[in-house]
2 protein chains.
Amino acid sequence: MTANSNHNAPVCTPESRQAGDLQNERSQITFSTDDASCVFAGSREARDRNRWLLSLLRDHPDKVFDKDSRPFLGRTERFLRGQKVAQAYYELRNKHGLQKEDRDRLRLLLDEYIPLQVHESMGQPTIESQSSPEQLQEWGPKVSSGRWLVCYAQTELAHGSNLSGLRTTATLDTGSDTWIIDTPEPSAGKCWIGGSGMTTTHAIVMAQMSINNKSFGMHPFLVPMRDPETHKLLPGVFAMDMGPKVGAPAMDNGYITFDHVSIPRQNLMGKFQHVDKGGKYQTRNQAAKALTRGAMTLVRVGLIEIAAHHAARATLVAMRYSLVRRQGSSKGGAEPQILDYSSVQQRLFTCLSTSWALNFVGSSKGGAEPQILDYSSVQQRLFTCLSISWALNFVVHGFTSILKACATFQGLDVVETARRSMGGHGYSAASGLTDLERNQPTAGLTYEGDNHMLLCGPAANFLVKTLDSDKRPVRRELHFLFHEPRFDVTKPHEWLDEERQLNLLGSRAAKLVRDLSALRREAKDAATLAYLESALSARASRAAGSYLILYAFDARLSLLRSASAESIVGIKPAAELLRALEDLRSFYVLEACVLRDVGDFVESGLLRAEQVSWARQTAAHLALRLRKQAIGLAEAADMDDWYLGSPLGHSDGRAYERMIDWMRLEPLNQQGLSGGRDEDGVLKGFRQAMGRLTHGEAQHLNGEAAARDSRL
Amino acid sequence: MTANSNHNAPVCTPESRQAGDLQNERSQITFSTDDASCVFAGSREARDRNRWLLSLLRDHPDKVFDKDSRPFLGRTERFLRGQKVAQAYYELRNKHGLQKEDRDRLRLLLDEYIPLQVHESMGQPTIESQSSPEQLQEWGPKVSSGRWLVCYAQTELAHGSNLSGLRTTATLDTGSDTWIIDTPEPSAGKCWIGGSGMTTTHAIVMAQMSINNKSFGMHPFLVPMRDPETHKLLPGVFAMDMGPKVGAPAMDNGYITFDHVSIPRQNLMGKFQHVDKGGKYQTRNQAAKALTRGAMTLVRVGLIEIAAHHAARATLVAMRYSLVRRQGSSKGGAEPQILDYSSVQQRLFTCLSTSWALNFVGSSKGGAEPQILDYSSVQQRLFTCLSISWALNFVVHGFTSILKACATFQGLDVVETARRSMGGHGYSAASGLTDLERNQPTAGLTYEGDNHMLLCGPAANFLVKTLDSDKRPVRRELHFLFHEPRFDVTKPHEWLDEERQLNLLGSRAAKLVRDLSALRREAKDAATLAYLESALSARASRAAGSYLILYAFDARLSLLRSASAESIVGIKPAAELLRALEDLRSFYVLEACVLRDVGDFVESGLLRAEQVSWARQTAAHLALRLRKQAIGLAEAADMDDWYLGSPLGHSDGRAYERMIDWMRLEPLNQQGLSGGRDEDGVLKGFRQAMGRLTHGEAQHLNGEAAARDSRL
């Protein structure tokens, strides 16, 4: 381990080279990474706001949000840490009077699924949007101050997304003027209810409402769960944590049952219905009632943004490591950087371009017309249940079904591809990605609507319905359904034409939606038809998702090129930055859309083999150009080292030194009570377990095997 | 929670229905599941042997191998459990005199990556195959008895698969007649070395050998690491556990450095080289030296079988759960079983057929001619370094590069697809799949050769070299490279023709390998060419993998149909079983090979759009037929409940009751020292963290947000 080992070493070791490798890369970028980070965040203002929000966490005086030791915690310790994180988060939220958008961002940046997640994303919004004025006056301040912590209890153990199949009952007892909330059998227990296992004081319970033996279907009730003073479960309420899962260790997803629990009649959420003392049921505000699905739509919208964020994070880590990791034939000089391998470029540039594309669709700030993809505005309207038209609600539900599924699929794919591109070390938590991957990116495929179900069901139904209505929809994003399929690339370089690319994706999607519409009208062999229909539905919805994502990318590019860019984004993008984004966009189209699903395009006759071959060549050319700008485009995600928590993806490039330091923190390497070693540094209990082997106390190999061994 | 709730409940609850649902399914199968399990295992003898090996674990008097509490353990506890598992495993191995094949199986069935894994798979085999006779006599018995626990230390922190880039040195000191083993800088520390962090006594260290300032390249040395008596690290040796990672919590992948550690000159592994006291270097047995890569090839071979095993396990769990889980519109009766949804069928039957296909390629027992795919024979020969010809070695290396990558990719895909098909509960460790997924199926993509690297490098090189040698290879499995591409389906039902299917996969692979060979001869634009070449290499290698897997499937089917089936497999497969396997095979071809990569086939002109459409119809018909047999084909994997450890995939179908019981084991739900709750059942520390919010001690929301809230 001394410098003058008698090995004939090259002067240059990874230790002496890595920091320079990253600096070199940065010096080659032809645009300002600062500008790029404003574009990525949506605007300079948004970028700076994100930085300020992050600073609230990073600079917290009690270091509650620090993550250094987190990878080494067991589930219980991690959960207890999460309680402190949740409490400190709520204090920050209150202290700074943060609005919903800032709160969502802050929870994303604190990088832990906390028990308050559902209180914030579903509990409080439901209280605010589904209470009667009297309820809101009484409950609102308690909920917003955190005196009440509210979970949203819909899903049951044996009954998931099928609302009408839920079995929890709420029966009016006119004598006591109460609802009796009851779980008829254990499999009807509420399940996966975020925050309920250990934390929440109240639950919004979806239950089959019954009055005088007449069923009125599912309704929401506010049910107290725990004593406000002692925090003990109230009589008749049972709740427990659901146990270990893929990720989310600090979240107490809970299983809840109610054994004839009485709650006041007034605890039926009262915005859309009222039941009087005698049991008379009245509806209210029915025109707005369909918007009760708004809460879920709202969460779906957020999932797109979150998917984009994690994709960018994983890409940034993997990109940096691919530049300081060198391996392969050195031919006299240093070994090549991993990013100089084409197969790594293909994967990581696909990650990079996808993370930008998802980022634009997830936070689209619109162009000239008010964009449906401008979620912050839709979000606001859904959130406040204001003036969202029926037609717009139909479109928002359709779009979010498509985009939630496509974005979470693509987002997880990016995270996994990026992590795996890191070779063996990608398997280590030193990547900073292993924990990340198992939380939202993996869970996001399933919650708020399983992706497969969404793509085959609501997404496909929306597309077919829009097509079959046979009138041009108001939303420009849907006009593609009515265009004639066309793609007329006659020379390789025409593959870079943006309009042609968008038309190609639109044509594919339109073709598949038309095929689907035709198939649904057929009926000759119902059983096999169902199989064909479900497969085609998924393909059509995904194709539409690709188109919509590119549409959002183009809307953003056109804003960036426009005269109003500076006033909206806060910077005037230089030509070199625009060119890099254009390259990224084309690479996304070619690798992540066209070549990945090339069968769709060729089978439908949209592309000929020769055109596909040009697409491959064009992607290869773009990869060469992106190689030089890659670090800048990845670092535009503007995530600091404290946040990333990744020794291998650190901004100083000293990946190996940092990884070694990090390993030392592993409890198995520690002595003392919670460490794995005794005072001699020997594994505790070794002598009584494997030590029996090394001390020759184990039975010796006998039988045939011993005979064979003795022949050796 | 009482039976006579006044809710108008259907008589049938999941609790009363689930067991019957599974029994119903079993009663519909038209073949014997017992027969099918013999076919799956290779033979009745192998099936029974597997059962016996499992019984050694399940019936262990100390219950060391029981897994009930395992999902709830933190990493340190899990690691310490693993030490006991490893010790008990070794005792069983010795007591029963198990041969290599049985040992490998037993380690697979104990369901934990143990620190002895590498001792068994690499350490002992390397000692046995690379020692001189004198070394073997001295070291062999110590290694096989477990007195010495040996890891294999090749990879370095900053230097992975590039052998010539390794920097650890072994310098001969003629004065002391020793080798000085040295790690020149921290990034050259040995890394990921299985068992080395806490456990092993010795390491086989690959180091740059230097004698009198002359470098002789990489050579293996046996280096003592820990004191045999105290188990303390020896002077100059540093080793630690590498910390948390995606999976493998009971394995101490280690980071090791050597600071001028002296070992006897005789510790250079002596089968292929010798250095005398004066420093004179002599080679030995050079003809066999290339086989030193045998150790890695050997592990790759095993990975194929392991991938198949885990794929079958995940499929079995998901299949059962998809039959007892009901959800959706009930139309008066019970809700439909999840497996009655086409989109679930498409995913799960692809899993099922893939797991059988991988199983056949992983354990191919051959037909008339000695099969290269008969790994047990190749394994034996590699293991003993006997009489394996150069030509055969070339082929084995090529085949295992292709198949290791394809099988581990497909295997992980099956595990993930199966787990995700379970909806939200698939995210719970109650699936029994979350831990599984993160161990070998995920690690297998990377170790013993990163899959991308294998497919782009050795696999593709092997294929092109075989093609370009321009003489028909001896191995029949490679003849496809020289056939004219052909596919002549003119009617839908011809898609079921086995020969046509095999030809189609062969034709695609041949076409891509030829394109690749042609591309490699081009040189007009080197930079973009590299990109195109790497992408095409991966496609060609994967295509060849598909062909080889189907080839093995067909070899097994032809054995099962032959007169010798009974004598080899131990049962005579009934016509109904054969038909089910034929359906499974065709489904695999259509969904997992053709439709998944349909672009390859259409782009190359092998398939027209109409033929693709027939393929989709044929898959839909097959799905209908497989629906009835699915449970039998899944349960043929013959894995008992003790082994599966899956409340949701239990053979009695009582998924929800079992899941609830299982949740109760979560430490957060327990009281006492290691539990998460106090004596009142309240979360420990709640009052000091989130309790501050519920008690109104938190700062109240201020600023704009408070103003907004007051308007509500």
Side chain, backbone, both or neither of B/S534 within contact of chain A (heavy atoms, under 4.5 Å): side chain
Options A/S428, A/S329, A/G685, ranked by heavy-atom pairs under 4.5 Å with chain B, top entry: A/S428
Selection from A/V682, A/T446, A/V598 maximising heavy-atom pairs under 4.5 Å formed with chain B: A/V682
Heavy-atom contact with chain A under 4.5 Å, split by part of B/T230: backbone
Residue B/W148 versus chain A: region with a heavy atom under 4.5 Å: neither
Options B/Y341, B/F72, B/W662, ranked by heavy-atom pairs under 4.5 Å with chain A, top entry: B/W662
Closest non-hydrogen atom pair between A/Y531 and B/A623, with its separation: CE1-CB, 3.5 Å
Rounded distance (nearest 0.5 Å) linking atom NZ of A/K84 with atom CZ of B/R692: 13.0 Å
Winner by heavy-atom pair count (cut-off under 4.5 Å) against chain A, out of B/Q346, B/R347, B/E657: B/R347
Heavy-atom contact with chain A under 4.5 Å, split by part of B/L157: both
Among B/L665, B/L595, B/T434, B/V602, residue most engaged with chain A (heavy-atom pairs, under 4.5 Å): B/V602
Heavy-atom contact with chain A under 4.5 Å, split by part of B/T694: both
Contacting region of B/R664 [heavy-atom separation from chain A under 4.5 Å]: both
Under 4.5 Å from any heavy atom of chain A - which part of B/L149: side chain
Contact winner vs chain A - B/F601, B/Y90, B/F686, B/Y447, heavy-atom pairs under 4.5 Å: B/F686
Segment of B/P228 engaging chain A (4.5 angstrom heavy-atom cut-off): backbone
Choice from A/A619, A/A443, A/C456, A/G605 maximising heavy atom contacts with chain B below 4.5 Å: A/A443
Close side-chain approach of B/P667 to A/R75, heavy-atom, < 4.5 Å: no
B/M198 to A/G676 - nearest heavy-atom pair and separation: CE-O, 4.3 Å
Region of B/S187 that comes under 4.5 Å of a non-hydrogen atom in chain A: both
Which portion of B/I660 sits near chain A, non-hydrogen atoms under 4.5 angstrom: both
Contact winner vs chain A - B/G681, B/A188, B/S343, heavy-atom pairs under 4.5 Å: B/S343
Spatial distance of atom CD (A/Q87) from atom CE (B/M690) [nearest 0.5 Å]: 8.5 Å
Greatest number of heavy atom pairs closer than 4.5 Å to chain A - which of B/M659, B/R687, B/E603: B/E603
Atom of A/G426, atom of B/V246 and distance for their closest heavy-atom approach: O-CG2, 4.3 Å
Closest-packed option against chain B by number of heavy-atom pairs under 4.5 Å, given A/G74, A/G599, A/A689, A/G691: A/A689
Under 4.5 Å from any heavy atom of chain A - which part of B/S604: neither
Between CG on residue B/D252 and CG on residue A/N669, distance to nearest 0.5 Å: 9.5 Å
B/E335 versus chain A, the contacting section by heavy-atom distance below 4.5 Å: side chain
Among the listed options A/Q345, A/K684, A/R420, A/E533, the residue most often paired with chain B at heavy-atom distances under 4.5 Å: A/R420
